[in-house]
Undergrad: 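Pasting in a structure now, in C-alpha cells, and then I'll have a few things to ask.
Within every chain, numbering begins at 1; the chains are lettered A, B, ... in the order of the sequence lines, protein sequences first and strands thereafter. Only a predicted model underlies this, so the values are computations on that prediction, with no experimental measurement involved.
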Protein chains: 2
Amino acid sequence: MEVLATDTEQLIKDTAKKVFFVDGNIHATTQDIADAAGINRASIHYYYRSRKLLFDKVFEEALIEMRSKLESIASASLPIKEKTEKFIDFFIERSMQHPYLELFIVTEHNSDPSIPLKIMPKDRHDEQMKYLEAEIAREVKAGNMKPIKPEHFIVTMMSLCSFPFLGKSIIESIFDMDKEGYAKFIKERKQVIMQLLFLDA
Amino acid sequence: MEVLATDTEQLIKDTAKKVFFVDGNIHATTQDIADAAGINRASIHYYYRSRKLLFDKVFEEALIEMRSKLESIASASLPIKEKTEKFIDFFIERSMQHPYLELFIVTEHNSDPSIPLKIMPKDRHDEQMKYLEAEIAREVKAGNMKPIKPEHFIVTMMSLCSFPFLGKSIIESIFDMDKEGYAKFIKERKQVIMQLLFLDA
DNA sequence: GTCTATAACAGGATAGAC
DNA sequence: GTCTATCCTGTTATAGAC
C-alpha cells in the first residue's frame with residue numbers, strides 16, 4: 001500500500017480509467033487523458049513517467065480488484081446456483097460501471113498473454129474445480145441441470161455474462177436499440193442466463 | 001465488381017487480412033504489412049493510397065462476406081434447431097480461419113458505430129424475428145425449449161459462439177490449456193451449446 | 001509498377017523556467 | 001508541482017529516379 005497520493009496523481013489515474021474503461025478509447029494518447037483531466041500533459045509524465053507505466057498501473061489495479069472480488073465469490077462455500085447468481089451480479093454491476101473493461105482485458109491479454117489472470121493458485125483452482133464438479137453432479141441428480149464438464153460450465157457462464165457487454169454496440173445496432181432499450185435488455189439477462197443454466201430456474 | 005486486380009494488389013489485401021485477422025496485430029503499421037507481404041511499403045500507398053483505405057477495404061470485404069453467409073443461413077426456412085446448428089458451424093469455422101476477426105468487428109464497431117452490421121433490411125429482419133418467435137413457441141410446446149424472447153435467444157447464441165474465440169487467450173490461461181487442449185475444448189463446444197439451448201439435444 | 005529518399009506530422013518524453 | 005518549449009522517434013504519405 002502506498003502513502004497518500006496527491007490529488008493530481010489520483011485525478012490522472014481516475015481519468016485514465018474513465019477514458020479507457022468507460023469511454024472505451026483504447027488508443028487514447030497522453031494528450032487525450034490530460035485534456036479529459038483538465039491538466040497539463042507534462043504532469044502525467046511527472047507522476048507516471050510514461051504512458052505505458054500509467055496504463056499498466058491502471059490496468060493492474062483493475063485486475064487486482066476483479067481478482068479479489070472473484071476470489072471471494074469463488075471461495076464462499078455456497079450451492080452452485082447461488083454462486084452463479086453472485087457471479088452474474090458481479091459481472092453486470094462491474095460492466096455497468098466500466099463497460100469497456102472486459103474488452104480491454106481481452107485485447108490486452110491477447111497482445112500480452114503473460115498478464116496473470118488466474119485468480120487463485122493451482123491447488124486452490126483444482127479444489128474449486130472438484131467442488132464445482134460435485135455441485136454439478138448433485139444438480140444433475142436432482143434433475144436441475146444437464147451433465148456438463150466444469151470447464152464448459154465456467155466458459156458458458158463467462159460467455160453469457162461477457163458478450164452482452166463486449167458486443168454492446170453490435171447488439172444495439174442489430175436490434176435498433178436505444179440506450180433505454182439496451183438497459184432494459186441487460187436487466188432481463190440475469191433471469192435468462194439462470195434459466196439457461198438451470199432447468200428449475 | 002472490379003476488373004481483375006493485379007497480383008500485388010491482391011497480395012497486399014490478403015496479407016493485410018492475415019496480419020489483422022489471423023495474427024491479431026491490431027496496431028500493424030504499413031511497414032509490418034509490407035514486410036509480411038515481402039514488398040515495398042510504397043506499393044501499399046500506390047495501390048491503396050493510405051493505410052486507412054486499405055484497412056477499410058479489408059474490413060469491409062470481411063463484413064460483406066460475413067453478412068452474405070449469415071443472410072443465407074437466416075433466409076433458409078429450416079427448423080430452429082437446424083438453423084442454430086448451421087449458425088454454430090459457421091461461427092466455429094470462421095473463427096478457425098480468422099481467429100481475431102470477431103475481436104476486430106467488436107472493437108471497430110465500438111469506435112465507429114456507423115459501420116453497418118445489420119445483415120438484412122428492417123422488413124426482412126422483422127419477418128425473421130417473427131419466424132424465430134414462432135419456431136421457439138413450437139419447440140416450447142413440444143417441451144424442447146424453455147420460453148425465451150427471440151432477441152435473447154439470438155444474443156445467447158452469439159454469446160456462446162463468440163466468447164470462446166474472443167476469450168481464447170484468457171481461457172487457455174485460466175485452465176492451463178495448450179494449443180491441443182484448446183482445440184479439443186472448441187471441438188466439444190458445439191454439442192455443449194446445443195444441449196444448453198435445446199432440452200432434447 | 002517498384003524502389004529510395006524525404007517531407008510532414010503525431011505522440012512520447014525531457015529540460016528548465018516559474 | 002505545473003507550465004512552455006523542445007527533442008526524439010516512429011509512422012504515414014509523397015516525390016521522383018529507375
Side-chain angles (χ1 to χ4, degrees), chain A residues 2-62 100 103-104 107-108 110-112 115, chain B residues 2-62 100 103-104 107-108 110-112 115:
Chain A
E2 306 171 62
V3 266
L4 210 57
T6 71
D7 280 357
T8 307
E9 185 171 359
Q10 190 63 41
L11 173 67
I12 291 170
K13 210 159 57 179
D14 291 345
T15 307
K17 277 181 190 165
K18 183 189 171 295
V19 171
F20 289 137
F21 306 147
V22 181
D23 302 340
N25 187 358
I26 195 168
H27 299 295
T29 64
T30 50
Q31 188 62 64
D32 293 334
I33 296 167
D35 289 348
I39 53 139
N40 192 285
R41 211 157 61 83
S43 297
I44 292 178
H45 290 284
Y46 175 77
Y47 285 106
Y48 293 94
R49 234 183 68 226
S50 75
R51 181 192 187 280
K52 175 110 180 57
L53 286 178
L54 168 60
F55 182 89
D56 288 350
K57 182 81 186 167
V58 160
F59 193 68
E60 195 205 352
E61 279 194 15
Y100 291 94
L103 192 54
F104 258 76
T107 52
E108 275 305 297
N110 268 334
S111 57
D112 178 11
I115 296 168
Chain B
E2 306 172 63
V3 267
L4 210 59
T6 71
D7 280 357
T8 307
E9 184 170 359
Q10 191 63 42
L11 174 67
I12 290 170
K13 211 159 56 180
D14 290 345
T15 307
K17 276 181 191 165
K18 185 188 169 296
V19 170
F20 289 136
F21 305 147
V22 181
D23 302 339
N25 187 357
I26 194 170
H27 298 295
T29 65
T30 51
Q31 187 63 62
D32 293 333
I33 296 167
D35 289 349
I39 53 140
N40 192 284
R41 212 159 57 80
S43 297
I44 292 178
H45 291 282
Y46 176 77
Y47 285 106
Y48 294 94
R49 231 181 72 227
S50 76
R51 182 190 187 283
K52 176 107 178 59
L53 286 178
L54 169 61
F55 182 89
D56 288 349
K57 180 84 187 165
V58 160
F59 193 68
E60 194 205 353
E61 278 195 15
Y100 290 92
L103 192 54
F104 259 76
T107 51
E108 275 305 297
N110 268 334
S111 57
D112 178 11
I115 297 168

Undergrad: Could you work out how much the helix from C:dG1-D:dC18 to C:dC18-D:dG1 bends, comparing the axis of its first five pairs with that of its last five, to 10°?
TA: 10°

Undergrad: For B:Phe59, check ring-ring contact (aromatic ring centres under 6.0 Å, His included) against everything at least two apart and list the hits.
TA: B:Phe55

Undergrad: How many whole angstroms separate atom CG of B:Asp32 from atom P of D:dG10?
TA: 13 Å

Undergrad: Nearest whole angstrom, please: distance from the P of C:dG1 to the CD1 of B:Ile44.
TA: 16 Å

Undergrad: B:Asn40 has a side chain; which of C:dC3, C:dT2, D:dT4 sits nearest to it?
TA: C:dC3

Undergrad: Is there side-chain contact between A:Tyr48 and A:Lys13, with heavy atoms separated by less than 4.5 Å?
TA: yes

Undergrad: With A:Asn110, which of B:Asn25, B:Ile26, B:Leu103 fulfils side-chain contact (heavy atoms from CB on, under 4.5 Å)?
TA: B:Leu103

Undergrad: D:dT11 P sits how many Å from B:Ile33 CD1, rounded?
TA: 12 Å

Undergrad: Could you check how far CG of B:Asp35 sits from C1' of D:dG10, rounded to whole Å?
TA: 14 Å

Undergrad: Rounding to a whole Å, what distance do you find between A:Tyr48:OH and D:dT2:C1'?
TA: 16 Å

Undergrad: Measure the shortest side-chain to side-chain distance between A:Arg51 and A:His45 over non-hydrogen atoms and say whether it is less than 4.5 angstrom.
TA: no

Undergrad: Taking atom C1' of D:dC3 as reference, at what distance in whole Å does atom OH of A:Tyr47 sit?
TA: 13 Å

Undergrad: According to side-chain hydrogen bond (donor to acceptor under 3.5 Å, both in side chains), who are the partners of A:Asn40, at least two apart in sequence or on a separate chain?
TA: none

Undergrad: Look at the aromatic rings of A:Phe20 and A:Phe104 and report parallel, tilted or perpendicular, splitting at 30° and 60°.
TA: tilted

Undergrad: Does a nitrogen or oxygen in the side chain of B:Ser43 sit under 4.0 Å from OP1 or OP2 of C:dG1?
TA: no

Undergrad: Can you check each nucleotide of nucleotides 11-18 of chain C against protein heavy atoms at under 4.0 Å and return B for base, S for sugar-phosphate only, - for none, in 5' to 3' order?
TA: SBBB----

Undergrad: Who pairs with B:Asp35 by side-chain hydrogen bond (donor to acceptor under 3.5 Å, both in side chains), at least two apart in sequence or on another chain?
TA: B:Gln31

Undergrad: State which residues pass side-chain hydrogen bond (donor to acceptor under 3.5 Å, both in side chains) with B:Ser111; sequence neighbours excluded, sorted by chain then number.
TA: none

Undergrad: Do the charged groups of B:Asp56 and B:Lys52 touch, with an N to O distance under 4.0 Å?
TA: yes

